[in-house]
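Just follow the structure's listing: the first ligand is 1, and inside any ligand the first atom is 1. What you see below is based on every heavy atom in this structure, not just the backbone, and it leaves out hydrogens, waters and symmetry mates. Here, residue 1 is the first one in the sequence, and each next residue gets the next number. Predicted model, so just to flag it, every value in this text is computed and none were measured.
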Amino acid sequence: MLVWKHENASKDYIEFFSMKIAILSQNSSLYSTKRLKEAGEKRGHDMKVVDHLRCYMNITSHRPSIMYQGKPLENFEAVIPRIGASHTFYGTAVVRQFEMMGVFTANESQAISRSRDKLRCLQILAREGIGLPVTGFIHSTQDIEGAIGIVGGAPLVIKLLEGTQGIGVVLAETHQAAKSVIEAFRGLDANILVQEFIKEAKGADLRCFVVNDKVIASMKRQGAPGEFRSNIHRGGKAEKIKLTPEERSTAVRAAKSMGLKIAGVDLLRANHGPVVMEVNSSPGLEGIEAATGVDVAGKIIEFLEKKAGSSAPRDRIPY
Ligand code: ADP
């Protein structure tokens, strides 16, 4: 790490660090990847985009290393994982290898794994007493009535455990529809959650972007007319929004409970307060920067400047 002092600079800028930072991303032309690279370079850092699927690892006791395009990846001070949902297993193994090498990672491998598993995520949030929609998990179709009973009957939401971008999220308006959809999914051996429908959210959710235990930007996403899912991929529209203190603290607690330093926490406004839908470990920057005008990429780099190089123990959450 390069350090030099500006003699005449204000106290806040006494030290300037130029770091070598890897962005783990499969595609260097993605908006989020480009913005992180640009924000890091603007602040004087050496930014490299590394495709984690092209990394291969040498797992030895004394000198664990990562090879990339035939050469070892060396002298990195920090990594920013941007791991897609379809490659969590390999992606988190690469992040873990960086951790073994003592490299600071913006999100730790275990925190990414925790949040990627929707069920595990909800169980941890519940344990922390964070607001959630009432949720049931079911294996046998003999228990359908019981699961519907847990969430208070129809209308209810059925979700594929593996779904993303709103695909596999179904609103069943009647008891009979709920039964048929659950039977169909289970017939295909798909794992599903059954969830209380938060009707009063009116097709909108709140995306809270958390960096280092603070919400740095927030937007409201409203689903297309007649659509209860607010996903932008499903035609939803985003606008900047001011959160209530309760929403803010719920988002921060949710990210913390996963052990994520960078997280996109999705909340619904329920009658009984904010409820968490999901905690995303590689939240996109495009929608939130466009809706709020906040330099989210810059805030992430600032966070790395504060934390990288510190010898804080890794992965302290015991589950
Ligand atoms: P994905 O991870 O595929 O985006 P989500 O669980 O976040 O799936 O659901 C997608 C969207 O559907 C949410 O952003 C929200 O707008 C809507 N939604 C999901 N679950 C509920 C629910 N229980 N009540 C009301 N709306 C919901």
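Here the shortest heavy-atom pairing between Asn27 and Thr33 reads O-OG1, 3.3 Å. Closest approach of Pro274 and Thr250 over heavy atoms only: CG-OG1, 3.6 Å.
Residues of the protein with a heavy atom under 4.0 Å from ligand 1 are Lys118, Val157, Lys159, Gly163, Thr164, Gln165, Gly166, Val169, Gln195, Glu196, Phe197, Ile198, Asp205, Phe228, Arg229, Ser230, Asn231, Leu268, Met277, Glu278, listed by chain and number.
Here salt bridge (charged side-chain N to carboxylate O under 4.0 Å, His left out) pairs that include residues 132-155, with residues two or more places apart or in two chains, are Glu145-Lys179.
For Arg186, the salt bridge (charged side-chain N to carboxylate O under 4.0 Å, His left out) partners are Asp189, not counting sequence neighbours.
For the residue pair Glu99 and Ser109, a side-chain donor N or O sits within less than 3.5 Å of a side-chain acceptor on the partner.
Here Val181 sits in one hydrophobic cluster together with Val134, Ile138, Ile144, Ile148, Ile150, Val151, Leu156, Ile158, Leu160, Val170, Ile182, Phe185, Ile192, Val194; the rule is ILVMFWY side chains under 4.5 Å apart, joined directly or through other members.
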